[in-house]
Student: 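Questions regarding the structure given below will be posed in turn.
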Amino acid sequence: MNRSIRIAPSILAADFARLKDSIDALDGEVDMLHVDVMDGHFVPNISLGPPVISSLRQVTDAYLDAHLMITDPLTYLAPIVESGADGVTVHIEAVPDPAPVIAEAARLGTDFGLVINPPTPVESVLPFLDVCSMVVVMSVHPGFGGQSFIADVLPKVQILRETIDSRGLSTDIQVDGGIDPETAVPTARAGASVLVAGTSVFRADDPAEAVRTIRANAMNEVA
Ligand code: DX5
Ligand code: ZN
């Protein structure tokens, strides 16, 4: 199977006082930057929002992938996109009927994806695969970086890969949480096409090398 795998470093694990330096340290090895937006309601943590995305937009041409861990994505989709995000992903747990937020994403002309938490069945997103550019399987409980990878979610990735391929879709499958050079291997084998990695990249001695290692290990599974 030939599938290219992209790595999305999560800036949640970077030093927020030195975000530009942290991105520069990736040395062009960045396919996509993952930006975790948390509201203190949907998850028990607060991170960043549109002002930080605007500042990132000024210093990088990388694709900015905004992961909205927020209770009210419909209200905040426009400010997030207008601040410079290239794509937004929204939790199905926050919007059990995602039709209005899908329509808002289309109006804004942004890439759109749905995210499922570890306990959420994969069936909840299957009806929407054709309107998603990406579907995200959380491999940690959202809210914090640096947690351990939950391998029990991998069967959901396999089901998504089989469904997407059998329907002839090109929807990306992103896996988010606890990805490192080891956990990237079974995740790629299960069918992921985008791997989010925070701690294992930004807390590494050489973040660019960490991205290369994760990508190489993952690509080894799909070449
Ligand atoms: C968790 C976030 C993840 C997190 C990943 O709530 O959605 O994107 O930053 O960080 P690591 O790679 O440290 O698990
Ligand atoms: Zn995330």
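Just follow the structure's listing: the first ligand is 1, and inside any ligand the first atom is 1. The figures here come from the full heavy-atom set of this structure, side chains too, leaving out hydrogens, waters and symmetry mates.
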Student: Tell me every residue that passes side-chain contact (heavy atoms from CB on, under 4.5 Å) with Ile159, counting only those two or more places apart in sequence or in another chain.
Tutor: Val122, Thr163
Student: Can you tell which of Gly146, Ser148, Ser10 gets a heavy atom nearest to atom 11 (P) of ligand 1?
Tutor: Gly146
Student: Are any of the N or O atoms of Gly198 closer than 3.5 Å to those of ligand 1?
Tutor: yes
Student: Can you give me the closest heavy-atom contact between Phe144 and Pro44, atom names plus distance?
Tutor: CZ-O, 3.3 Å
Student: Go through ligand 1 atom by atom and flag the ones less than 4.0 Å from a non-hydrogen atom of Val196.
Tutor: 8 (O)
Student: Ignoring hydrogens and geometry, is there a side-chain-to-backbone donor-acceptor pair from Thr60 to Arg57 under 3.5 Å?
Tutor: no
Student: Give me the one residue out of Ile46, Thr71, Ile70 that meets side-chain contact (heavy atoms from CB on, under 4.5 Å) with His41.
Tutor: Thr71
Student: Could you go through the side-chain hydrogen bond (donor to acceptor under 3.5 Å, both in side chains) check for Asn117 and Thr120 one step at a time?
Tutor: CA-CA 5 Å; Asn117 280 336; Thr120 302; 5.0 Å; no
Student: Taking only heavy atoms of Leu12, which atoms of ligand 1 are found under 4.0 Å from at least one of them?
Tutor: 9 (O)
Student: State the atoms of ligand 1, each with its element, that fall below the 4.0 Å cut-off from a heavy-atom position in Gly145.
Tutor: 10 (O), 13 (O)
Student: Under the criterion side-chain hydrogen bond (donor to acceptor under 3.5 Å, both in side chains), I'd like the reasoning laid out for Asp36 against Ser10: C-alpha separation, chi angles, the key distance, then a yes or no.
Tutor: CA-CA 7 Å; Asp36 287 308; Ser10 167; 2.8 Å; yes
Student: If you compare all heavy atoms of Val52 against all heavy atoms of Leu19, which two are closest, and at what distance to 0.1 Å?
Tutor: CG1-CD1, 3.9 Å
Student: I need the atoms of ligand 1 closer than 4.0 Å to a non-hydrogen atom of Met138, numbered in the order shown.
Tutor: 7 (O)
Student: In terms of atom number and element, which parts of ligand 1 are under 4.0 angstrom from non-hydrogen atoms of Met69?
Tutor: 6 (O), 7 (O)
Student: Going by atom types only, do Ser133 and Asp172 share a side-chain donor-acceptor pair under 3.5 Å?
Tutor: no
Student: Are any of the N/O atoms on Met38, whether in the backbone or the side chain, positioned under 3.5 angstrom from an N/O atom of ligand 1?
Tutor: no
Student: Run the contact test for His141 against ligand 1 with a 4.0 Å cut-off on heavy atoms, strictly below, and give the result.
Tutor: no
Student: Under 4.0 Å from any heavy atom of His34, which atoms of ligand 1 are there?
Tutor: 8 (O)
Student: Looking at Gly178, which atoms of ligand 1 are within less than 4.0 Å of one of its heavy atoms?
Tutor: 11 (P), 12 (O), 14 (O)
Student: Where on Thr199 is there a heavy atom closer than 4.0 Å to ligand 1, on the side chain, on the backbone, on both, or on neither?
Tutor: both
Student: Only heavy atoms of Gly143, strictly under 4.0 Å: list the atoms of ligand 1 that pass.
Tutor: 1 (C), 6 (O)
Student: I need the minimum non-hydrogen distance between Arg3 and Arg161, along with the two atoms involved.
Tutor: CD-NH2, 3.6 Å
Student: Looking only at protein heavy atoms, which one is nearest to atom 1 (C) of ligand 1, and what is the separation?
Tutor: Phe144 O, 3.6 Å
Student: If we only consider heavy atoms of Gly177, is any one of them less than 4.0 Å away from an atom in ligand 1?
Tutor: yes
Student: Could you walk me through whether Asp65 and His67 pass the side-chain hydrogen bond (donor to acceptor under 3.5 Å, both in side chains) test, one step at a time?
Tutor: CA-CA 6 Å; Asp65 163 40; His67 175 193; over 6 Å; no
Student: Taking Arg203 for the side chain and Ala13 for the main chain, is one N or O donor matched with an acceptor at less than 3.5 Å?
Tutor: yes
Student: May I ask you to check whether Asp36 has an N/O atom sitting below 3.5 Å from an N/O atom of ligand 1?
Tutor: yes
Student: Among the clusters formed by ILVMFWY side chains lying less than 4.5 Å apart, do Leu64 and Ile11 turn up in the same one?
Tutor: yes
Student: Any N/O of Asp176 closer than 3.5 Å to an N/O of ligand 1?
Tutor: yes
Student: Between ND1 of His67 and OD2 of Asp176, what angle is found at the Zn ion (ligand 2), rounded to 10 degrees?
Tutor: 90°
Student: Only N/O/S atoms count here: what is the atom of Asp36 closest to the Zn ion (ligand 2) called?
Tutor: OD1
